[in-house]
Amino acid sequence: MSRSNVNRADVERIARALDGRLAEADQAALQADVIRDPALRRVYVEHAWLQGALRAERDRLPQWLDANEPAPPAAKRALFASWIAIGVAACALLGFASWQALRVTPAAEPTVATLLHAQNTKWANSTLPTAENSRLGPGTLALVEGIATLQFASGATLTLEAPTKLEIVDAMHCRLIEGSVTADVPPSAHGFTVDTADLKVVDLGTRFGVTAGSAGNSHVFVFEGEVKLNDASGGELRRLTEGKSFLAGSGAGVGNAEPARFQPMAYMDGWTTIPTSYGQGRDAYVRRGYDGSTSAQPLLLVKHSDLPLSYRNERRAFLSFDLTGIDLATLTEAELMLDPEPSGLGFSTMISDSRFAVYGLTDEALDLWDEASLTWAIAPASDDERLRPEQTRRLAEFWLPRGASGAPFSVRSPEIAAFLKNDTNGIASFVIVRETSETDPSGLVHAFASKEHPSARPPTLRVR
């Protein structure tokens with residue numbers, strides 16, 4: 001390439017670089033171009049030489065440029081000698097910089113994926129960039145809140161739902177340490193693999209979802225196409241096709257430790273906390289079409305769907321609190337505290353921000369429901385399709401955004417306080433329902449910690 005092939009844009013880039021007006025990324029690009037192109041390198045040296053000479057003689061330039069006082073020959077020779085020295089120094093400096101760039105600077109980490117979208121996200125302890133459009137190499141992403149979408153270099157798209165921890169291995173391989181992901185894999189990425197502690201999910205041309213609990217019980221759903229499931233050592237277990245799912249291992253994914261027991265506690269600010277684990281308190285959930293007991297489960301599952309395929313997956317949670325010893329006549333405020341937990345069932349990408357409602361049982365004869373035998377068919381104040389309005393009252397609502405974190409929250413309303421003040425038998429019962437329907441049969445089942453959960457706080461009523 002001859003010098004004449006260096007265009008004006010390159011000359012302007014050189015000038016801006018020498019003046020310190022070039023952005024860091026553009027500076028790096030110019031350095032690479034100068035190292036690669038001899039013609040551009042010669043132009044760079046000439047400009048660096050000239051600028052250095054002008055800076056060196058800047059104090060004498062005004063008088064030499066004065067038309068009435070031409071520079072003496074000795075001064076001209078000195079200026080020329082300075083230019084020669086500066087040019088040699090610039091060449092040496094450029095050569096050294098080129099050698100450094102080629103020999104010393106480590107190679108950039110290859111781009112394995114790009115973080116395309118981040119919706120209402122919070123991150124913690126990630127080893128990779130978490131800003132939208134960040135280029136990602138191998139490393140770990142820890143999503144605490146929100147939903148994030150990655151585009152792998154192979155073409156596979158992965159959506160993370162908080163709380164999720166994911167290790168990116170390469171363009172065809174990632175490891176789900178904990179949480180939920182959905183994958184959309186085009187033909188260019190067939191063979192894309194998601195590892196968990198107990199499964200290897202290998203794409204065979206599909207769209208699928210994977211959840212991994214803290215106890216390592218992985219759950220795989222196939223929305224479209226087919227996947228191959230291998231065990232942790234790589235041996236093939238089975239293949240799943242559209243509409244099928246597989247649960248590795250057994251258990252609820254939260255361990256078998258003895259659940260913590262919380263007692264009522266009064267505080268100096270006048271608030272008293274009453275958990276479902278106290279006295280005659282109870283909690284359980286019911287599922288349409290299921291006749292088994294859920295009383296010993298660590299999670300209270302809640303779901304609503306109008307879709308035919310998931311109609312039988314409707315779930316409602318029931319809570320009762322022992323109000324013994326509470327002076328209801330002086331009660332002025334009340335709130336219900338809930339601790340959301342990952343259910344490991346379904347995906348929040350298949351549902352919008354979700355609205356929930358809290359109902360109170362106004363027929364006190366229904367407060368004596370039996371936790372151990374509670375089912376959908378005999379749940380208090382319940383028809384198959386709805387809660388009976390003559391036996392219940394809507395007291396409050398709350399929203400859970402897609403990908404919301406598991407932080408405990410409270411639901412407060414004047415109606416809850418009024419409902420409690422009208423109690424006459426020392427027991428207050430509530431029903432939690434989700435009013436938002438899902439957009440896909442694999443939509444998320446929401447979950448809240450029950451009194452059987454080994455570590456999280458159970459549903460708790462706070463009154464003042």
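Quick note: residue numbers are just sequence positions, from 1. Quick caveat, the model's predicted, so the values are computed rather than measured.
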Going by an N to O cut-off under 4.0 Å, is there a salt bridge joining [X] and [Y]?
X	Y	value
E145	R402	no
K165	E178	no
R207	E242	no
R288	D384	yes
E314	R287	no

What heavy-atom pair brings [X] and [Y] nearest, and what distance separates the two atoms?
X	Y	answer
T439	I351	OG1-N, 4.1 Å
R316	V433	CG-CG1, 3.8 Å
S429	D367	OG-OD1, 2.8 Å
K451	R282	CE-CA, 3.9 Å
F223	G209	CE1-N, 3.8 Å
I147	T159	CG2-CG2, 3.5 Å

Worksheet item: Passes side chain to side chain contact (heavy atoms under 4.5 Å, CB included), F321 versus L420? Steps please.
Response: CA-CA 10 Å; F321 298 93; L420 295 176; over 6 Å; no

About how many Å separate [atom2] of [Y] and [atom1] of [X], when rounded to the nearest 0.5 Å?
X	Y	atom1	atom2	answer
L204	H190	CG	NE2	8.0 Å
I427	Q280	CD1	CD	4.0 Å
L160	H117	CG	NE2	13.5 Å
D440	L307	CG	CG	7.5 Å
L444	T436	CG	OG1	12.0 Å
H446	E341	NE2	CD	13.0 Å

Can you find a pair of side-chain heavy atoms, one from [X] and one from [Y], that are under 4.5 Å apart?
X	Y	value
K228	L240	no
T164	V181	yes
P163	L143	no
L150	L166	yes
V227	L229	yes
L374	P380	yes

Worksheet item: Would you call the rings of F398 and F356 parallel, tilted or perpendicular, where under 30° means parallel and over 60° means perpendicular?
Response: parallel

Worksheet item: Which class fits the ring pair H219 and F221: parallel under 30°, tilted 30 to 60°, perpendicular over 60°?
Response: tilted

Worksheet item: How far apart are the C-alpha atoms of S343 and L301, what are their side-chain angles, what is the distance that settles it, and do they pass the side chain to side chain contact (heavy atoms under 4.5 Å, CB included) test?
Response: CA-CA 7 Å; S343 71; L301 303 181; 4.1 Å; yes

Worksheet item: Should K244 and E226 be marked as a salt bridge (charged side-chain N to carboxylate O under 4.0 Å, His left out) after you check the CA-CA gap, both sets of side-chain angles, and the distance that decides it?
Response: CA-CA 9 Å; K244 303 296 183 181; E226 184 179 8; over 6 Å; no

Worksheet item: Can T196 and S218 be counted as having a side-chain donor-acceptor contact under 3.5 angstrom?
Response: yes

Discussion item. Looking only at side-chain N and O atoms, does T375 offer a donor or acceptor that is under 3.5 Å from a partner on D291?
Written reply: no

Practice prompt. Go through the steps to decide whether F448 and V302 satisfy the test side chain to side chain contact (heavy atoms under 4.5 Å, CB included), and finish with yes or no.
Written response: CA-CA 8 Å; F448 306 94; V302 180; 4.0 Å; yes

Item to complete: For K303 and E438, run salt bridge (charged side-chain N to carboxylate O under 4.0 Å, His left out): C-alpha distance rounded to whole Å, both residues' side-chain angles, the deciding distance at 0.1 Å, then the answer.
Response: CA-CA 9 Å; K303 179 175 179 174; E438 58 196 5; 3.3 Å; yes

Worksheet item: Picking from T140, D195, T127, what satisfies side chain to side chain contact (heavy atoms under 4.5 Å, CB included) with E167?
Response: T140

Fill in: Passing candidate, side chain to side chain contact (heavy atoms under 4.5 Å, CB included) with L338, options L300, I432, T460
I432

Practice prompt. Could you give me the CA-CA distance, side-chain angles and deciding distance for R412 and E335, then say whether salt bridge (charged side-chain N to carboxylate O under 4.0 Å, His left out) is met?
Written response: CA-CA 4 Å; R412 182 185 299 192; E335 64 182 11; 2.9 Å; yes

Worksheet entry | Residue pair F152, F192: steps toward the ring-ring contact (aromatic ring centres under 6.0 Å, His included) verdict | CA-CA 10 Å; F152 282 76; F192 184 83; 5.0 Å; yes

Residue [X] excluded, over 12 heavy atoms near [atom1] under 6.0 Å:
X	atom1	value
K421	NZ	yes
R135	CZ	no
N125	CG	no

When you measure from the side chain of [X] to the backbone of [Y], do you find a donor-acceptor pair of N or O atoms at a distance under 3.5 Å?
X	Y	result
E371	D283	yes
T211	G179	no
R238	E236	no

Worksheet entry | S320 and W369: CA distance, side-chain angles, deciding distance, side-chain hydrogen bond (donor to acceptor under 3.5 Å, both in side chains) verdict | CA-CA 9 Å; S320 286; W369 56 274; 2.9 Å; yes

Worksheet item: Do T157 and D184 pass the side-chain hydrogen bond (donor to acceptor under 3.5 Å, both in side chains) test, and can you show the C-alpha distance, the side-chain angles, and the key distance before you say yes or no?
Response: CA-CA 5 Å; T157 299; D184 195 344; over 6 Å; no

Worksheet entry | Test side chain to side chain contact (heavy atoms under 4.5 Å, CB included) applied to V220 and L199, step by step | CA-CA 9 Å; V220 182; L199 284 179; 3.8 Å; yes

Discussion item. Holding to side-chain hydrogen bond (donor to acceptor under 3.5 Å, both in side chains), I want the full list of residues that pass it with S450, two or more places apart in sequence or in another chain.
Written reply: E452

